[in-house]
Amino acid sequence: MMEEAGFPAAIATDMPGWLLAHAAFIVPMAYALYKFGTDAPRLAADRETLRLMVHATAQAFRALQASGNTQVPANLRALYLRLPAAFAVAYWRRVLASPRGELWFAGPTRGSSEEMGALAQYLQTAIHGSGGDAPELTRLLSGTPGPSGPAPSPGPMA
């Protein structure tokens with residue numbers, strides 16, 4: 001049905017892996033937005049935070065892939081793992097400065113603060129539990145007030 005409507009669709013059979021890959025993408029974006037009160041154009045104007053967000057996402061993707069996760073979508077693998085980081089920074093500057101920044105990222109981030117905190121902890125726990133490391137992700141999460149205070153520290157999920 002989705003493809004008939006013009007939306008490409010893929011079936012994921014590894015839902016825990018898909019959730020981790022999705023968290024590796026949305027958690028850095030959300031925490032970068034939290035730094036600016038979820039104001040997408042303000043984030044777009046801050047190259048240093050965009051660079052940190054891009055590096056955090058790339059490191060999270062690499063750590064997940066190293067642990068056997070195959071659920072990172074091809075378009076995000078290309079953007080974060082194959083192209084130069086400067087390209088991804090420029091891409092996100094354009095997206096976040098446009099109305100899509102609010103519609104796709106800032107608005108949904110505002111409405112999901114509890115979920116984002118839980119996903120941040122889930123992601124960090126998975127990365128550290130697999131022996132991986134994502135120091136830029138840790139830096140972004142620890143240096144950015146989260147949805148209700150500092151970001152969660154990695155630890156066992158309940």
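Quick note: numbers below take in every heavy atom, side chains included, and nothing from hydrogens, waters or symmetry partners.
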Q) Could you give the distance from CG (Leu79) to CH2 (Trp92), rounded to the nearest 0.5 Å? A) 6.5 Å
Q: Evaluate the salt bridge (charged side-chain N to carboxylate O under 4.0 Å, His left out) criterion for residues Glu136 and Arg139: first the C-alpha distance (whole Å), next the side-chain angles of each, then the deciding distance (0.1 Å), finally the verdict.
A: CA-CA 5 Å; Glu136 298 290 30; Arg139 189 173 133 215; 2.9 Å; yes
Q: Drop me the distance from Tyr34's OH to Leu43's CG, to the nearest 0.5 angstrom.
A: 13.0 Å
Q: Can you measure from CG (Leu137) to OG1 (Thr57) and round to the nearest 0.5 angstrom?
A: 7.5 Å
Q: Carefully, step by step, assess Tyr80 and Val72 under the rule side chain to side chain contact (heavy atoms under 4.5 Å, CB included).
A: CA-CA 10 Å; Tyr80 286 99; Val72 177; over 6 Å; no
Q: Measure the spacing between CE of Met53 and OH of Tyr31 and express it to the nearest 0.5 Å.
A: 15.0 Å
Q) Which residue pairs pass the side chain to side chain donor-acceptor pair (under 3.5 Å) test with at least one member in residues 61-77, sequence neighbours excluded? A) none
Q.
Just verifying a value: how many Å separate Leu81 CG and Phe61 CZ, rounded to the nearest 0.5 Å?
A. 7.0 Å
Q.
Using every non-hydrogen atom in the two residues, find where Leu20 and Leu64 come nearest and quote the distance to one decimal.
A. O-CD1, 3.5 Å
Q | Residue pair Thr49, Phe36: steps toward the side chain to side chain contact (heavy atoms under 4.5 Å, CB included) verdict | A | CA-CA 10 Å; Thr49 302; Phe36 296 96; 3.8 Å; yes
Q | side chain to side chain contact (heavy atoms under 4.5 Å, CB included) assessment of Arg42 paired with Lys35 | A | CA-CA 9 Å; Arg42 284 181 53 214; Lys35 183 175 179 180; over 6 Å; no
Counting only pairs under 3.5 Å, give me each side-chain donor-acceptor contact of residues 96-105, with atom names and distances, residues two or more places apart or in other chains.
from	atom 1	to	atom 2	distance (Å)
Ser98	OG	Val95	O	2.7
Ser98	OG	Arg100	N	3.2
Ser98	OG	Arg100	NE	3.3
Glu102	OE1	Arg110	NH2	2.8
Glu102	OE2	Arg110	NH1	2.8
Glu102	OE2	Arg110	NH2	3.3

Q: Taking all non-hydrogen atoms of both residues into account, name the closest pair between Ile127 and Ala63 and its distance.
A: CG2-CB, 3.9 Å
**Q.** For Pro28 against Ala24, the heavy-atom pair lying closest together
**A.** CD-O, 3.2 Å
**Q.** Test log, rule side chain to side chain contact (heavy atoms under 4.5 Å, CB included), inputs Leu141 and Val27
**A.** CA-CA 9 Å; Leu141 297 180; Val27 166; 3.8 Å; yes
Q) Which distance, rounded to the nearest 0.5 Å, do you find between the CE of Met116 and the CG of Leu33? A) 9.5 Å
